[in-house]
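Each remark here refers to the structure printed beneath this line.
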Amino acid sequence: MDRIGFIGTGSMGTILIEALLSSKALSPGQIMIGNRTPAKAERLAELYPGLVVAPSNAELAEAAKVLLLCVKPLEYKVLLEQITPVLTPEHLLITITSPIKLSLLEERVPCAVARVVPSITNAARSGISLCEFGSRIDEAQKQYILKLFSSISHPTMVSEAFLRVTSDITSCGPAFLSYILQQMVQEAVTETGISEDAATYLTTQMFIGMADLLKEDIFTLPSLQQRVCVPGGITGEGLIPLKEGIPGLFTEVYRRTHAKFAEDQELVEQRLTNHQR
């Protein structure tokens, strides 16, 4: 297998590296890493002996034919300036960020490009990774990507038209649900006096158990609600304020994420287009 280079060892880059190592899909010796702040990459290499820290992004791109670009969207202009001179048609670039259009990336590099949007759930070798392939991807490269990410997730094909909403659900979703569950905990503490530790433990175990029910196909989301909510019962009474307050909430969430996505996409395109001119 070719050596794989990770450019960017921030939160998600590190999660991917650690998940791929723990799943045994990759060994430390197969991974080369680089980061804008070298000390961060060096600390990761200390934790996983065998990881190689590249002196520069250009040298990383020369040494690794498969590159995972784990940097923020507005860092792509500088990144492409650094690596494009050494890229060849044999390279494969995989971006993990959503605002970069693959067609725009293809215009600036001589090789195949793909997108894999991960989720924090991949740290537990679970959840979804969203896959989108550029026009130059061949079947071998496609199968390589799907096999690699199958070790830590359920790779799922997505079209550009639905990239944002699918990312909202799979990638942003854990943060959204975490916030809701934290509110459930805090308001239980405030309203009843239960300890925060107890409420947190109970809520966490409830959520894990609910996930297991869904994972085992014992219930769907609607049938689970129906089974718990018996007519005239306490659960139904508790659902009343939820039914009054929640409908429409995620409409606003999606509108905001889509607006921010469009803003980021426009900024990225402006930077890259200005660079090209």
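The basis for the numbers below is simple: all heavy atoms, side chains too, and nothing from hydrogens, waters or symmetry mates. The shown structure was predicted, so the numbers you read here are calculated from the model rather than taken from an experiment.
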- prompt: Which value, rounded to the nearest 0.5 Å, describes the distance between L221 atom CG and L214 atom CG?
  reply: 5.0 Å

task: Examine distances only and state if a side-chain atom of N35 and a backbone atom of A41 form a donor-acceptor pair shorter than 3.5 Å.
output: no

query: Just checking, is any N or O donor in the side chain of Q265 or E269 under 3.5 Å from an acceptor N or O on the other one?
result: no

query: Do side-chain atoms of H91 reach the backbone of A64 as a donor and acceptor pair under 3.5 angstrom?
result: yes

field: Test item: N122 side-chain N/O and S126 main-chain N/O as donor-acceptor pair under 3.5 Å
entry: yes

- prompt: Judged by atom type as modelled, is there a donor-acceptor pair below 3.5 Å linking the side chain of E263 to the main-chain atoms of A259?
  reply: no

message: Restricting to non-hydrogen atoms, name the atom on A25 and the atom on S151 that form the minimum distance, rounded to 0.1 Å.
response: CB-OG, 3.2 Å

Throw together a table of side-chain donor-acceptor distances under 3.5 angstrom for residues 47-57, partners on residues two or more places apart or in other chains.
unit_1 : atom_1 : unit_2 : atom_2 : d
Y48    : OH     : E18    : OE2    : 3.1
S56    : OG     : E59    : N      : 3.1
S56    : OG     : E59    : OE2    : 3.0
N57    : ND2    : Q82    : OE1    : 2.7

query: Got V185 and E196 here, is their nearest side-chain heavy-atom distance under 4.5 Å?
result: yes

field: Under 3.5 Å: donor-acceptor pair, side chain of Q141, backbone of A112
entry: no

task: Calculate, to the nearest 0.5 Å, the distance between atoms CD1 and CZ belonging to I33 and F6 respectively.
output: 9.5 Å

field: Residues, nucleotides or ligands: over 12 heavy atoms within 6.0 Å of K40 NZ
entry: no

- prompt: Hey, are the side chains of L181 and M206 touching, using non-hydrogen atoms and a 4.5 Å cut-off?
  reply: yes

statement: Sorted by chain and residue number, the side-chain contact (heavy atoms from CB on, under 4.5 Å) partners of Q183 (sequence neighbours excluded) come out as Y179, E187

List, one per line, each side-chain donor-acceptor pair under 3.5 Å for residues 237-253, sequence neighbours excluded.
unit_1 : atom_1 : unit_2 : atom_2 : d
E252   : OE2    : R256   : NE     : 3.0

field: Expected output: side-chain T14 to main-chain S11 donor-acceptor under 3.5 Å
entry: no

query: Tell me, do L202 and I194 make a side-chain contact under 4.5 Å, heavy atoms counted?
result: yes

- prompt: If only atom types and distance count, is the side chain of R136 paired as donor or acceptor with the main-chain N or O of C111 below 3.5 Å?
  reply: yes

- prompt: Nearest heavy-atom pair of P118 and L16: which atoms, and what distance?
  reply: CB-CD2, 3.9 Å

message: Does I208 have more than 12 heavy atoms from other residues, nucleotides or ligands lying within 6.0 Å of its CD1?
response: yes

- request: Drop me the distance from D168's CG to H258's NE2, to the nearest 0.5 angstrom.
  value: 6.0 Å

task: Identify the two heavy atoms, one from P99 and one from T97, that lie closest to each other, and give their separation to 0.1 Å.
output: CD-OG1, 3.1 Å

- prompt: Is the closest side-chain donor-acceptor distance between Y76 and T95 under 3.5 Å?
  reply: yes

query: Is there side-chain contact between L267 and P73, with heavy atoms separated by less than 4.5 Å?
result: no

task: Treating Ile, Leu, Val, Met, Phe, Trp and Tyr as nodes and any side-chain heavy-atom pair under 4.5 angstrom as an edge, say whether I152 and I145 lie in one connected cluster.
output: yes

- prompt: Is a side-chain donor or acceptor of R271 paired with a backbone partner of L74 at a separation under 3.5 angstrom?
  reply: yes

message: Between T257 and Y254 (side chain of the first, backbone of the second, donor and acceptor by atom type, cut-off under 3.5 Å), is there such a pair?
response: yes

- line: Grouping ILVMFWY residues whenever side-chain heavy atoms fall under 4.5 Å, the cluster of V78 otherwise contains none

task: Report the distance from atom CZ of R115 to atom CD1 of I137, rounding to the nearest 0.5 Å.
output: 12.0 Å

query: With distance as the sole criterion, is a donor-acceptor pair present between the side chains of S98 and R164 under 3.5 Å?
result: yes

query: Within a radius of less than 6.0 Å around CD of E191, do more than 12 heavy atoms belonging to other residues, nucleotides or ligands occur?
result: no

query: T170 and S119: which non-hydrogen atoms are nearest, and at how many Å?
result: O-OG, 2.9 Å

message: So, taking the atom named NZ in K101 and the one named CD in E132, what distance separates them when rounded to the nearest 0.5 Å?
response: 10.5 Å

- prompt: Going by side-chain heavy atoms closer than 4.5 Å, which hydrophobic residues are tied to V230, directly or by a chain of links?
  reply: none

query: How many angstroms lie between atom CD1 of I15 and atom CD1 of I120, to the nearest 0.5 angstrom?
result: 4.5 Å

task: Just jot down the side-chain contact (heavy atoms from CB on, under 4.5 Å) partners of L213, sequence neighbours excluded, or say none.
output: I218, F219, L224

